[in-house]
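Proteins come first, then strands; the chains are lettered A, B, ... in the order of their sequence lines, and each starts at number 1.
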2 protein chains.
Amino acid sequence: MTGSKIRNMEQFAAVTGISRPTVSKYFHNPQSVRQSTRERIERALEQHDYRPNIFAMNQNRKLTKNVGIVVPYLADPFFAEIARNIEERCIAAGYTPTLYSSHGEQSLEVEILRSLRSLKPAGVLMAPLGRISDKAAIKKFCADVPTVLFDSSLQDLGIAFVGSDNPQFSMLIVDYLCRTGTPPCFFEMKTPTNPNANKRRQGYLQAMSHLGHKPTIVQVPGEGWHFEEIGRREGINAIKAGRFTTDTVLCSNDRLAIGFLTACFETGLKVGRTAGCDIRVAGQDDHPFSRFTCPPLTTIAQDYEAVSRHAVETLFKAIQGDVTTHEATYFEGKLVMRDSA
Amino acid sequence: MTGSKIRNMEQFAAVTGISRPTVSKYFHNPQSVRQSTRERIERALEQHDYRPNIFAMNQNRKLTKNVGIVVPYLADPFFAEIARNIEERCIAAGYTPTLYSSHGEQSLEVEILRSLRSLKPAGVLMAPLGRISDKAAIKKFCADVPTVLFDSSLQDLGIAFVGSDNPQFSMLIVDYLCRTGTPPCFFEMKTPTNPNANKRRQGYLQAMSHLGHKPTIVQVPGEGWHFEEIGRREGINAIKAGRFTTDTVLCSNDRLAIGFLTACFETGLKVGRTAGCDIRVAGQDDHPFSRFTCPPLTTIAQDYEAVSRHAVETLFKAIQGDVTTHEATYFEGKLVMRDSA
DNA sequence: ATATAAATTTAACGCGCGATAAATTTTGGG
DNA sequence: CCCAAAATTTATCGCGCGTTAAATTTATAT
C-alpha cells in the first residue's frame with residue numbers, strides 16, 4: 001500500500017495506465033474488459049484501495065446496483081434470518097442491499113418506500129406489513145420499481161409473490177395431531193396482521209372437516225407485533241374461561257405459541273405428548289426460538305431457504321428483463337416433531 | 001397533486017418562484033430561510049412531492065447526513081431492538097440511518113466499514129463483534145469517521161463508549177441469589193465473544209468473595225453466535241458430568257440461559273425457586289424472550305433505552321464539534337425477578 | 001502478412017446539486 | 001421615510017463519474 005491518496009477515477013486510471021472510460025467499464029462489469037486490462041486494474045486496486053464514489057456513480061445512471069430489502073418487523077428473528085439470507089444472495093450477485101424495517105407501522109412502511117425511490121434501486125424485495133399496509137402506496141411503488149413481495153401476499157401487487165403454502169401447513173399439522181391424539185383447537189388473533197393467518201385457519205377448517213372432526217377456533221383480541229405477549233395474556237384468559245374444548249391446541253404461528261406455552265406454565269398446565277401431560281401445543285413457522293422452548297415446540301418449518309432463494313432469483317430475472325406475468329410461488333412446509341405435541 | 005413531473009431542484013424552484021440556492025438552503029435547514037419563503041416552499045412541496053436527488057446532494061458535500069449503525073448479529077432480537085431504538089433517534093434528529101449486521105463474521109464487519117466510508121457518514125454507531133474484531137481496521141476507521149462504540153468495548157477506540165456496568169450486573173444478581181438461596185455457580189462460554197463476559201465473570205468472583213462463598217465457574221466450549229444451542233448442548237453435558245456444585249446457576253447472558261433452561265428440561269431438572277424445584281437459573285440482559293421462557297427468566301435488565309439515548313447524544317455532540325477526550329459510560333442494570341430463580 | 005473484429009483511447013458533454021461572491025431586494029427599527 | 005442588516009437573487013464553478021461518438025490500437029482468423 002503506497003501512501004498516495006487517490007481522489008477520483010481519473011487519478012486511479014492514471015496509475016493503472018489505462019484510460020478512465022475503460023476503468024469505468026471495468027467497475028461496471030469486470031468481464032467486459034480484456035483479461036490483461038483486468039489484471040492491470042486489479043493489481044493497482046490491491047495497492048491503492050480505491051473505490052469509485054458511490055454518489056457520483058449512481059446519480060447519472062438510471063439503474064443503480066442498489067437493492068432494497070423491507071421487512072415488517074426486524075425484532076422478530078424470523079425476519080432477521082430471512083433478511084440475512086436475502087442480503088447474502090444480493091451481495092453474491094454483485095448488488096448492494098439496504099435493509100429496512102417497518103417496525104409494524106404503516107407510516108414507516110410508506111416512508112421507507114419514499115426513501116427507496118430516491119435510491120433508484122434496481123429492485124426491491126419486500127415483506128409487507130399486511131392488513132395495515134397502505135395498499136395504494138405500495139401499488140404505486142410497484143408500478144415504478146421492480147418489486148418482489150414475499151412472506152405476506154398483497155393482492156397481486158409486484159412482479160411476483162414468494163411465500164409459503166399456508167393451508168398446507170395447517171393441514172399437515174392437523175393431520176399429525178389427529179393421528180397422534182385428540183383433534184386440535186385453533187388459537188389465533190382475531191385481527192391477524194397478514195393474510196397468512198386466514199389461510200392457515202382455512203387449512204385448519206378444511207383438514208378438520210376432511211378428517212370428520214368438529215373444529216373449534218379460539219380467537220383473541222390484540223393488536224401489534226408483540227405476539228408472545230398476546231399469546232400469553234389471552235392464552236391465560238382463554239384457558240381460564242375454558243374455551244379450549246380439547247387438550248390439543250394448534251397456534252396460528254410460533255410466536256403466539258411461545259406466549260401460549262408461558263400461559264400454560266403460569267396456569268399450571270403441563271405441556272407435552274407423554275402420559276401425565278395436560279395439554280399438547282403446536283405452532284407453525286419453526287421460529288428460531290422454537291427449538292428452545294420448554295418443552296421444545298412441535299411445528300411446521302417454513303422453507304425460508306427456498307423462499308429467499310426464489311424471491312431473489314425472480315427479482316434478478318425481472319431486472320434482466322425476463323418479465324412475464326405476475327406469478328405466485330408457495331413452498332411447502334415440513335413437520336418438525338418435538339416434545340410439545 | 002398536479003401531474004407535472006419535477007426532475008430537479010431548478011424546476012422545483014421555478015414552481016415555487018424562489019431561486020434555487022434559497023431552495024437548496026431550505027433543504028439543508030428549513031429554519032435558515034424566512035418564514036414566508038419556507039411556507040411557499042412547503043406549500044409547493046405538498047403538491048409536487050419533489051425530493052432532492054440524494055446522490056447529487058451527497059457527492060459534493062464533505063459531510064452528509066448519513067449515520068451508520070452496525071450491530072454484530074441482527075438475528076439476536078436484543079440487537080434488533082437497540083438498533084431500532086437508535087434508528088428512531090437518528091431519524092428524529094434529521095439524519096438518515098443505515099443499518100448493518102456483521103452476522104458474527106470478521107470479514108463482514110471489515111467490509112461494512114469499507115462500505116460505510118464511501119457513504120461519507122457524519123458519524124457511526126457501532127457495536128463491534130468483540131474478540132474476533134479486526135481491531136486495526138476499526139481503529140483506522142475511527143480515526144477517519146466519528147464513531148461511538150456501544151455494547152462491547154474495544155480498547156479505547158472511537159470518540160466514546162456507551163454500555164452497561166457489567167460487573168455491577170453480576171454483583172447484583174449474585175447478591176440476590178445468595179440472599180434467597182444457595183450461592184450460584186457461573187455458567188459461561190470458554191471463549192466469549194466479547195469482553196462483557198469477562199467483566200461479568202469478574203463481578204461474579206468479586207461478589208462471591210465479598211459474601212464469603214467459594215466460586216464455581218463452569219466454562220464450556222463453543223464458537224459463534226448460536227448461544228442458545230451452546231447453552232443447551234453444553235448445559236446437558238455439564239449437568240450430566242455433575243459440574244454444577246450447587247443448585248443455583250447464573251448464566252453469563254440470557255441467551256445462554258435460554259438454552260440452559262432447555263438443557264434442564266431435557267435432563268428432567270425442574271427449574272424454579274419454589275419447593276419441589278431442582279435448580280434455580282438466572283440470566284443477564286433481560287432479553288426480549290426472557291419474559292416467555294418456562295419458567296420466566298430471572299435476570300438483570302440492561303438499560304438499553306439509556307444506552308441508545310446516550311450513544312446517540314454523544315455522537316451528535318461530537319459531530320457538532322464538542323469533541324473532548326474519549327469517555328466511557330456504563331449504565332447500571334436492574335434486577336428483574338421472575339420465576340426461574 | 002492481411003483483413004476484420006474487438007478493445008481501447010480521446011474528447012467532450014451532462015447529471016443534479018453544493019458552494020460562493022457580488023448584486024439586489026426585503027425587512028424592521030428609529 | 002430612511003438606513004443598516006438580513007435575506008434573496010444572479011451568475012458561475014466544481015464534484016466524480018456515466019455516456020457517447022469517432023479515432024486509434026490490439027487481437028484473431030484467414
Open item on the list: With a 3.5 Å cut-off and heavy atoms only, can you find an N or O donor on one side and an acceptor on the other between the side chain of A:R20 and the base of D:dG16?
Closed with: no

Task: Candidate list B:L125, B:N196, B:I82, test side chain to side chain contact (heavy atoms under 4.5 Å, CB included), partner B:D151, passing option - done: B:N196

Open item on the list: Centre-to-centre under 6.0 Å for A:Y73 and A:F79, is that the case here?
Closed with: no

- [ ] Report the distance from atom NZ of A:K25 to atom C1' of D:dA21, rounded to the nearest whole Å.
- [x] 14 Å

TODO: For B:R61 and for B:R34, locate the closest nucleotide of DNA chain C by heavy-atom distance; then report the residue assigned to the nucleotide nearer the 5' terminus.
DONE: B:R61

- [ ] Find which nucleotide of DNA chain D each of B:Q35 and A:M57 is nearest to by heavy atoms, and output the residue with the more 5' nucleotide.
- [x] B:Q35

Open item on the list: Whole angstroms only, please: what is the NZ-P distance between A:K65 and D:dC17?
Closed with: 18 Å

Task: Separation of atom CG in A:N8 from atom P in D:dG16, rounded to whole Å - done: 6 Å

Open item on the list: Using modelled atom types and a 3.5 Å cut-off, is there a donor and acceptor pairing between side-chain atoms of A:S24 and backbone atoms of A:R20?
Closed with: no

Task: A:S308 (side chain) donor-acceptor with A:Y304 (main chain) under 3.5 angstrom - done: yes

TODO: Please check the phosphate of D:dC17 (OP1 and OP2 only) for any side-chain N or O of A:Y50 closer than 4.0 Å.
DONE: yes

Open item on the list: Expressed as a whole number of angstroms, how long is the span from B:N60:CG to D:dT12:C1'?
Closed with: 14 Å

Task: A:R7 or A:S36, whichever maps to the more 5' nucleotide of DNA chain D - done: A:R7

Task: Ring geometry between A:F55 and B:F55 (parallel below 30°, tilted from 30 to 60°, perpendicular above 60°) - done: tilted

- [ ] Would you grab the first and last nucleotide of DNA chain C (5' to 3') that comes under 4.0 Å of any non-hydrogen atom in chain B?
- [x] C:dG16 to C:dT27

- [ ] May I ask you to test the B:V162-B:V148 pair for a side-chain heavy-atom distance under 4.5 Å?
- [x] yes

